[in-house]
Amino acid sequence: MLLRHATLLHLDPPAVEAADVRVADGRITEVAPDLAPAAGEVVRDLRGSWLMPGLVVGHHHLYSALATGMPLPAEEPPDFPAMLAAVWWKLDRALDREAVAVSALVGGLAALRAGVTTVVDHHASPNFIVGSLEVLDEALGALGLRRLLCYEVSDRGGREEARAGLRAHEALLAEDGGGMRAVLVGGHANFTLSDATLRDMAAMARAAGTGLHLHLAEAAEDRAVTGEPLVARLDRLGALLPGSLFAHAVHLDQDELARLEAAGAWVSHQPRSNMNNRVGHAPLRWFGERAVLGTDGIGADMLAELQAGFFRAREAGEPWGPGRFLAALAAGARFAGAHLGVRLGRIEPGAAADLVVCDPQPGPPLSAANLAASLVFRLGAGMVRDVMVAGRWRLLDRQPLALDPAELAPRAEAAARALWARMA
Ligand SMILES: [Zn+2]
């Protein structure tokens with residue numbers, strides 16, 4: 001396929017280029033002006049449109065897709081652990097196979113419509129553990145999304161549930177994901193994981209050549225409950241594995257963040273979730289190169305996350321400007337691509353053909369110098385029109401090719417109603 005006359009928006013590093021893009025076998029094969037169509041090649045004229053790389057949600061909880069608007073406790077929980085017990089641990093315990101499947105379809109569709117082509121998910125459903133990753137995999141695979149999956153292992157439901165959580169990874173870890181799927185070994189957080197369970201998780205990840213995906217220092221209580229500096233604890237248990245993803249890192253000091261970076265681990269930043277949960281703000285000044293952006297289950301709109309994060313950082317006096325936020329958005333593609341074994345986030349020969357066509361947004365001309373600021377102040381996911389993953393269109397004119405949203409809607413409503421009833 002030949003995509004002609006597009007204006008390319010490169011995110012890593014920011015640049016704007018007028019060029020044609022040739023795609024074959026799921027990859028970009030040529031990027032240059034005025035490429036001549038080959039015999040029999042499908043040609044699409046993108047004159048006036050922007051073409052950017054598919055976006056990556058660096059830390060998501062698709063299982064919360066049916067939670068928006070659910071009844072909340074009459075009284076505000078006093079702290080973050082109380083909030084988990086009163087809201088989120090009721091929700092995940094109420095998830096069954098249907099709710100997991102529908103959540104993945106609903107959340108996956110929202111991701112596609114936001115220009116996302118890869119979702120890094122962190123899943124929990126304590127009453128449907130083994131088999132849950134396969135259900136997510138099938139739903140996201142049907143939509144055509146790339147995915148990094150894991151199950152949130154925890155001792156909060158007892159040792160048997162923790163063992164089942166580990167087992168939930170086994171089948172998919174043993175399979176080749178073909179560049180579309182990778183598996184990390186997931187865990188909830190230090191304060192709900194025993195030494196023995198964390199050791200087992202690390203051993204499983206090491207044996208499979210993958211990393212851990214864990215909440216780390218999201219709230220001050222994470223440290224208070226274990227009574228041990230968190231990064232030192234992970235190190236002691238052999239859990240500081242390269243390629244691991246530690247979400248939030250709100251309550252870590254400079255040395256601890258440097259230690260994660262030196263270990264080859266990544267951290268993810270979810271400013272909207274941090275604000276919503278009132279857990280404090282992440283010390284971005286100490287975050288290194290391997291810092292990505294996620295949503296923590298608040299949808300999949302990465303440009304909204306970037307925008308809110310910028311304003312939050314500005315108010316807090318953190319030194320991250322628009323360019324630094326754009327770099328974190330781009331880092332998500334490097335993280336996910338390393339696990340999937342494909343080059344993501346770039347429009348260049350050899351990279352995956354994960355591309356987003358955006359409607360033209362009249363205004364000042366875009367340039368390398370103003371692209372990041374334009375993403376904060378001017379552009380948004382509403383400009384996303386078509387999405388290609390691995391060389392195949394998965395969204396055209398904002399409509400998914402895999403399913404009819406009008407048919408998904410009543411199924412989603414029924415699943416949400418049933419889920420909320422179980423929670424009550
Ligand atoms: Zn999370």
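Bear in mind that the values here come from a model prediction, so they are computed numbers and not experimental data. Any value given below was found using the heavy atoms of this structure, including those in side chains, with hydrogens, waters and symmetry copies removed. When a ligand or atom number is given, it counts from 1 through the structure's own listing order.
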Aromatic centroids of His339 and His213 separated by under 6.0 Å: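 Between His339 and His213, which both carry aromatic rings, the centre distance is not below 6.0 Å.
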
Please confirm whether the ring centroid of Trp88 lies under 6.0 Å from the ring centroid of His188.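 Not under 6.0 Å, so no.
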
Could you check whether Glu98 pairs with Arg411 (Lys NZ or Arg NE/NH1/NH2 to Asp/Glu carboxylate O, under 4.0 Å)?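 Judged by the 4.0 Å cut-off on N to carboxylate O distance, Glu98 and Arg411 do form a salt bridge.
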
Any side-chain donor paired with an acceptor under 3.5 Å for Asp155 and Ser194?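 A donor-acceptor contact under 3.5 Å links the two side chains.
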
Check: Thr197/Arg159 side-chain N/O donor and acceptor closer than 3.5 Å: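 Looking only at side-chain atoms, Arg159 and Thr197 do form a donor-acceptor pair, the distance falling under 3.5 Å.
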
Single hit among Gln399, Arg398, Arg394, Arg44 for side chain to side chain donor-acceptor pair (under 3.5 Å) with Asp386: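 When Gln399, Arg398, Arg394, Arg44 are each tested with Asp386, the side chain to side chain donor-acceptor pair (under 3.5 Å) holds only for Arg44.
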
Could you enumerate the protein N, O or S atoms under 2.8 Å from the Zn ion (ligand 1), written like residue then atom name?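 Listed by chain and number, the atoms are His59 NE2, His61 NE2, His215 NE2, Asp296 OD1.
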
